[in-house]
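Convention: sequence-line order gives letters A, B, ...; per-chain numbering from 1.
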Amino acid sequence: MTTTTPTSSAPPDIVQLGPIAWLHKNLFSSWSNSILTIVIVALLLNFLRGFVVWVTTTAQWEVIPLNLPRFMVGLYPANQYWRIWIAFGIITALAGLSWGVLARQTAKLFSLPVLIGIGASCVFMALVPVPPLYRLMLLAGVALVVAGAWVGRQAGRKLPALGRWVSLAWFVSFFVVLWLIGGGLFLRNVSSNDWGGLMLTLIAAIVSIVLCFPAGVVLALGRQSSLPVVRWFSVLYIELIRGIPLIAILFMGQVMLPLFLSPGARVDRILRAIVGLTLFSAAYLAENVRGGLQAIPRGQTEAANALGLNTPLTVGLVVLPQALKISIPAIVGQFISLFQDTTLLAVVGLVELLGISRSILANPQFLGRYAEVYLFIGIIYWVFCYTMSIASRRLERQLNAGQR
Amino acid sequence: MTQYQTETSPAEPMASEPMIIARDVEKWYDNNFHVLRGVSLTVNKGEVLVVMGPSGSGKSTFIRTFNALETYQKGSIEVDGIKLSHDLKNIETIRREVGMVFQQFNLFPHLTVLKNVTLAPIWVRRWPKAKAEEVAMQLLERVGILEQAQKFPGQLSGGQQQRVAIARALAMQPKIMLFDEPTSALDPEMVREVLDVMRSLASSGMTMVVVTHEVGFAREVADRVVLMADGLLVEEATPEEFFNNPREERTKKFLSQIL
Ligand SMILES: Nc1ncnc2c1ncn2[C@@H]1O[C@H](COP(=O)(O)OP(=O)(O)OP(=O)(O)O)[C@@H](O)[C@H]1O
Ligand SMILES: [Mg+2]
C-alpha cells in the first residue's frame, strides 16, 4: 500500500528543503494558520458575546418557569403529579443501580468528572424555578442515582447474578411506570389525550426503542434466513419502509388507518404514533444489525455447529452477541435518531415536547418567545441524546474490556 | 487402491471396530467442480489416521463431510454406526460424537476460555454448570492452560488458543476427533506444544483423523497415512511404507515437494 498523497510523501521533500526553507515554510504556514485562528476566535467571541447579552438582557425567560409543568407533562392533571414522581423515583433508582452493577469492576465509582457532574446537577436542581417540594424531589432523584450506584456496586461484587435481577426489574418497571401514568387497576384513569410534554416524548421514544430493537433483530436474521419466504418478506419490508419518509408513515397511521378499520374500532393516537415509529425504526435497525452479522466470520458458525449447537443456539449464543456488539454505535445512533424523530409527532397533532411548545407559543401571553422556548427544548433534546451517546461508548468499553 | 476394508496395522492389536466408514463419496461445488471423486475410507476405533496431500486436493472438504459441515451428492458416510442423512436430528446426533479442531482455531472471542469450553456441554449435553466447569477445568489442565481459564481468547497466543480449541472439542466427550491442519496457522515455536497435546490424546486411545503437513508427527503418531490428490485417495499405507517406500508416483512427487 504505497498510495502517495501529498501529505504522506511529504517527509522526504522536507528533508531536501533544508532547515531554513523548512522553517520558512512552516512559519508561513503558521502565519496563515494564526490568521485563520484569530479570525475564527474573533467570530466566535463576537457570537458568544451577542448570545450572552441576549440571554441576560433581551430574552424574557418567564415563559419557561410559568409553563414548566406543561413542558414536562402537558395537560396531565396536577393532582395526579405524584404518580409521575413515583415513576421518576423508580427510574432514577434503577438507573443508579444499573450504573453501579456495570461499573462494579472499575477502580473508582465516583471519579472526578462524575463528581463534578453530580455536583452540577445538584446545583441545577436546586436552582430550577419550581416549588420547593419539587426541588426536593429532583434532588432526591439525584440522591437515588448516587445511592443506587453505590448499592449496585457493593451488591454486584458479592452477587454476580444481580445484573440479571436488575434487567428483570427494568422489564417489570416498564409496565409499572405505564400503569402509574395511565392508571387503571386501583388508579384513576388519565386519558392518553392528556399525556404530553417531555413525558410523552420519553414514553414514545422508549416504547418505540424497546419494541423496534427485537423487531429489527428478527428482520435482520430473517434477511439472512435460508427459508425463501422469510427472506423475501424481510427484504420486502425493509426496502419498502426505507423508501417511505417517517412523516408519511405517521400520517398514514393517524389519517388512513381509521379509514381501513371498522368505524367502531378506535386505536389510541399515541399507540398509532408509536407503532409508526417502531415499524419505521425497525427497518433501519435491521440494516445496522445486518452489518454486524456480516462481519462475523463463517468459522464461528462452523465451530458452533461442529460442537453440536443447532441453528437457534448458534445464532443466539455465538453469532448474535458478537454481531450486536459490533453494531452498538450504529444501533445507538438509530436510537438517537428515533428520539429526535419523536418531534414529528407534533406534526400529526400530538403534544409531545415540541407540540406543547408550539401550543404554548400560540398563547397570546407568550407571543414571540420563540427563541427562548426553542433554545430551552433544544437543550433538553441535546441532554438526552448526548447521554445516550456517552452511555453507548461506556457500554462498548465495558464489553471490550480485556477482550482484545 | 481405495478399498474400505483396511488391514489392521501390526502396531494396533485392538479389534478393528470401524468408527467412520465412507463409501464412494462424491461432491461437486457449484454443480460443476468435482472436488471429491469417489473417496472410500474406513477409520477404526482408536486409530490415528493422517491425511496428506497438495493444497486444493479436497482434504478439508473430505473430513468436513464426516460431521456434515459439507454436504456430498453421492456415496454414503457412516459415523459410529449412524448413517449420515439430511435429517437435522441425525446431523446433530453425529456432531455430538465428532469433535473438530480448525486451522484458524475459531474460538468464540466474546467468551472467556472457560465459557468457550463449557458452552456446548451446558447447552447441548444439558450438563449442570458445575459439572461442565469441573470437566472443563480438568481438560484445561490436561492441555496446560489452567491459569488462563478466565482470559479471553484474544489475550492468548496462537498455540494456547489452539489448545483451548482442542479442550473445547474434547469437552463434548466425542468419540472421534477431526483436525484440519491444526498447526498451519501457528508460529514455528508454538507448533510443538499443540502437537504434544495431540500426541498425548492419541496415546489415550482417541480415534483421530488429522490433516497435516507435519511429517514428524505423522511418522511418530499415525497408524496409517493416506495421500489425497485431485479428489481421490491415491495411496494408503503405514507411515513407514508411506514415507520410506511409497508405491505410487503421485506420492513420490508429493513427498519430494515437502521433504
Ligand atoms: N465453497 C466452495 N465453493 C467452491 N469451491 C470450493 C469451495 N471450498 C473449496 N473449494 C475448492 O475445492 C477445492 C478443495 O478445497 P479443500 O479446502 O478441500 O482443499 P484442501 O486439500 O483442504 O487444501 P488446503 O491444503 O489448501 O487446505 C479447492 O480447489 C477449493 O478451491
Ligand atoms: Mg484445507
(request) State whether the number of non-hydrogen atoms from other residues, nucleotides or ligands found under 6.0 Å of Trp123(B) atom CH2 is greater than 12. (result) no
(request) Kindly check if the number of other-residue, nucleotide or ligand heavy atoms within 6.0 Å of CZ (Phe174(A)) is above 12? (result) yes
(message) Tell me whether Tyr386(A) at atom OH has more than 12 heavy atoms from other residues, nucleotides or ligands lying less than 6.0 Å away.
(response) no
(request) Report the option among Thr311(A), Thr301(A), Leu317(A), Leu309(A) that has the most heavy-atom pairs separated by less than 4.5 Å from atoms of chain B. (result) Leu317(A)
(message) Quick check: under 4.5 Å, non-hydrogen atoms only, which of residues 164-190 of chain B neighbour chain A?
(response) Arg168(B), Ala169(B), Met172(B)
(message) According to side chain to side chain donor-acceptor pair (under 3.5 Å), does anything in residues 138-149 of chain B pair up with another residue at least two apart or in another chain? List the pairs.
(response) Gln148(B)-Lys151(B)
(request) Look only at the side chain of His110(B) and the backbone of Lys325(A), and say whether a donor-acceptor pair between them is shorter than 3.5 Å. (result) no
(message) Applying a heavy-atom distance below 4.5 Å, give me the residues of residues 85-101 of chain B that approach chain A, sorted by number.
(response) Glu92(B), Arg95(B), Val98(B), Met100(B)
(request) Could you grab the distance from atom CD of Gln322(A) to atom CG of Leu111(B), nearest 0.5 Å is fine? (result) 7.5 Å
(message) List the residues meeting salt bridge (charged side-chain N to carboxylate O under 4.0 Å, His left out) with Arg164(A), not counting sequence neighbours, and say none if there are none.
(response) none
(request) Decide if atom CH2 of Trp28(B) counts as having more than 12 heavy atoms of other residues, nucleotides or ligands within a radius under 6.0 Å. (result) yes
(message) Test your reading of the model: is there a side-chain donor-acceptor pair from Asn106(B) to the backbone of Ala303(A), 3.5 Å cut-off?
(response) no
(request) Give a yes or no on this: more than 12 heavy atoms of other residues, nucleotides or ligands lie within 6.0 Å of atom CZ of Arg157(A). (result) yes
(request) Give, as side chain, backbone, both or neither, the part of Leu313(A) having an atom under 4.5 angstrom from any heavy atom of chain B. (result) side chain
(message) Does any part of the side chain of Phe108(B), heavy atoms only, come nearer than 4.5 Å to the side chain of Val319(A), both counted from C-beta?
(response) no
(request) Please check if atom NZ in Lys27(B) has more than 12 non-hydrogen atoms from other residues, nucleotides or ligands closer than 6.0 Å. (result) yes
(message) Under 4.5 Å from any heavy atom of chain A, what part of Phe102(B) do you find: side chain, backbone, both or neither?
(response) side chain
(request) Would you check if Pro109(B) and Gln300(A) make a side-chain contact, meaning some heavy-atom pair closer than 4.5 Å? (result) yes
